[in-house]
Amino acid sequence: MTQRVIIHVDLDYFYAQCEENLNPSNREKPVIVCVYSGRTEESGVVSTSNYLARKYGVKAGIPIARAKKLLETAEAVFLPMNRSLYEEVSDRIMDMLRNCADSFEKAGIDEAYLEITNRTSGSFEKAAEIAAEMKQQILEQEHITCSIGIAPNKLLAKIASDHNKPNGLTIVNPGELAAFIAGLPVDKIPGVGKKVEENLNHLKVQTVSQLRALDATNLIETFGKSLGPYLYHAARGEDDEPVREREQPTQFSRIATLKKNTRDMSEMMPLLEELTNSVAQKLAETDMTCKSVGIIAILHDLSIHSKSRTLESPTADVKTITKNVKDLIEQFLQSMPNAVARRIGVRLSGLSRRSGQTDISKFLHG
DNA sequence: GTATGCTTTCGGC
DNA sequence: TTACGGCCGAAAGCATAC
């Protein structure tokens, strides 16, 4: 088994950087890209912000109203999301990166993994040169900075890209691997968020080297048969996940906030129809069918609930989807007599592509 | 018990 | 002092068939 060379590319504060490029005068100001829910003038959350805004404590996920408070002394720019713009920029960058790799994996709108083992013959020095060229190309063609990690696997490449931001380049040579991760806080491990971190803290684990001291059995008992082994290996910098193009999407969903909280069918249906039409249109655009239809409800207390059902046969028909959505909402309201919805959504899953799919009758009667 | 498939929840970005 | 989105993929949880 030859040593792999993996790169993780993370586009810096991506949505906000796209907005800076659209309007360069914003580069000197805090820029906050917002998801407005439409309920009141400023209800909603921050999607992302530039580094100037972050100096004020304004970061992804906080309410817009709170961001405005934090920035009331600054001349800040609050902008609504323009997702199609970000997708276009992302698509162009991803196409550039794909051409730089032996194998390529888009891991989100603003990040990607590249395996470059073959084209570097395993040399990390050569990898650093390629990374520098990629950074330059992305900057010249799209005026976007990024942070890059180079490592022997995806796990370490991702941790490395996060190590020096923005506009950073971090190399973790195989020989430096142990020293690199040992002192890191456990929440630097992808998959270790608030909840897992709390659990680890109860076990007196705050750093990766402390995590490494736990035995596999203990980890599996505490975190289950998926996360347990993952943590055991992550503590040692081990990961053999391949870099591969992601398959077709597995689900499409649309969710939105109601003008006011309700459990009244007639107040929910217009929004549900809109969401259903939108997600069904996505299905049509991508020439897919769905086998499963589901609804999502976020209640007044922000608790999340969902219901779904599998259809007799795959469909892309709006009427069929709408009928099932309506049934599921009624079923949900009946099952939770005290539920008052704040946000509602529609989810289609069990997706498959229509074209290229052989007619089943050929198998039956071939 | 194991394999498989479906529903619901979790958590990253 | 609080404040609160819209997506996605994966895992957990559960049921059923063998």
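This structure is a prediction, so every number in the text was calculated from the model and none was measured. Numbers restart at 1 for each chain; the letters A, B, ... are given by sequence-line order, proteins then strands.
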Nearest whole Å is fine: how far is [N] [atom2] from [X] [atom1]?
{"X": "A:Lys59", "N": "C:dA3", "atom1": "NZ", "atom2": "P", "answer": "15 Å"}
{"X": "A:Leu231", "N": "C:dA11", "atom1": "CG", "atom2": "C1'", "answer": "14 Å"}
{"X": "A:Tyr36", "N": "C:dA3", "atom1": "OH", "atom2": "C1'", "answer": "14 Å"}
{"X": "A:Tyr230", "N": "C:dA12", "atom1": "OH", "atom2": "P", "answer": "14 Å"}
{"X": "A:Glu111", "N": "B:dC13", "atom1": "CD", "atom2": "C1'", "answer": "7 Å"}

Indicate, with a heavy-atom threshold strictly under 4.0 Å, whether [X] touches base, sugar-phosphate, or nothing.
{"X": "A:Phe14", "result": "nothing"}
{"X": "A:Arg347", "result": "base"}
{"X": "A:Ala60", "result": "nothing"}
{"X": "A:Pro190", "result": "nothing"}

Checklist entry - Thinking salt bridges, do A:Arg98 and A:Glu245 make one under a 4.0 Å N-O criterion? => result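 Yes, A:Arg98 and A:Glu245 are salt-bridged.
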Item to check | Electrostatic pair A:Arg342-A:Asp301, nearest N-O below 4.0 angstrom | outcome: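 No salt bridge links A:Arg342 with A:Asp301.
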Checklist entry - So, A:His305 versus A:Ser303: side-chain donor-acceptor pair below 3.5 Å or not? => result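 Yes.
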Checklist entry - According to a strict under-4.0 Å criterion, is A:Thr250 in side-chain N/O contact with OP1 or OP2 of C:dG9? => result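 True: A:Thr250 side-chain N/O within range (under 4.0 Å) of C:dG9 OP1/OP2.
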Checklist entry - Does A:Ser306 place a side-chain N or O at less than 4.0 Å from the phosphate oxygens OP1/OP2 of B:dT9? => result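 For B:dT9, OP1/OP2 do have a side-chain N/O of A:Ser306 under 4.0 Å.
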Next on the checklist: Nearest to the side chain of A:Lys307, heavy atoms from C-beta on, is which of B:dT8, B:dC13, B:dT7?
Outcome noted: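 The answer is B:dT8, which lies nearest to the side chain.
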Checklist entry - Nearest nucleotide by nearest heavy atom, which residue falls closer to the 5' end of DNA chain C, A:Arg39 or A:Ser226? => result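 Here A:Arg39 is the residue nearer the 5' end.
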Next on the checklist: Which residues in residues 62-84 of chain A have a heavy atom closer than 4.0 Å to any atom of DNA chain B?
Outcome noted: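 Nucleic-acid contacts, sorted: none.
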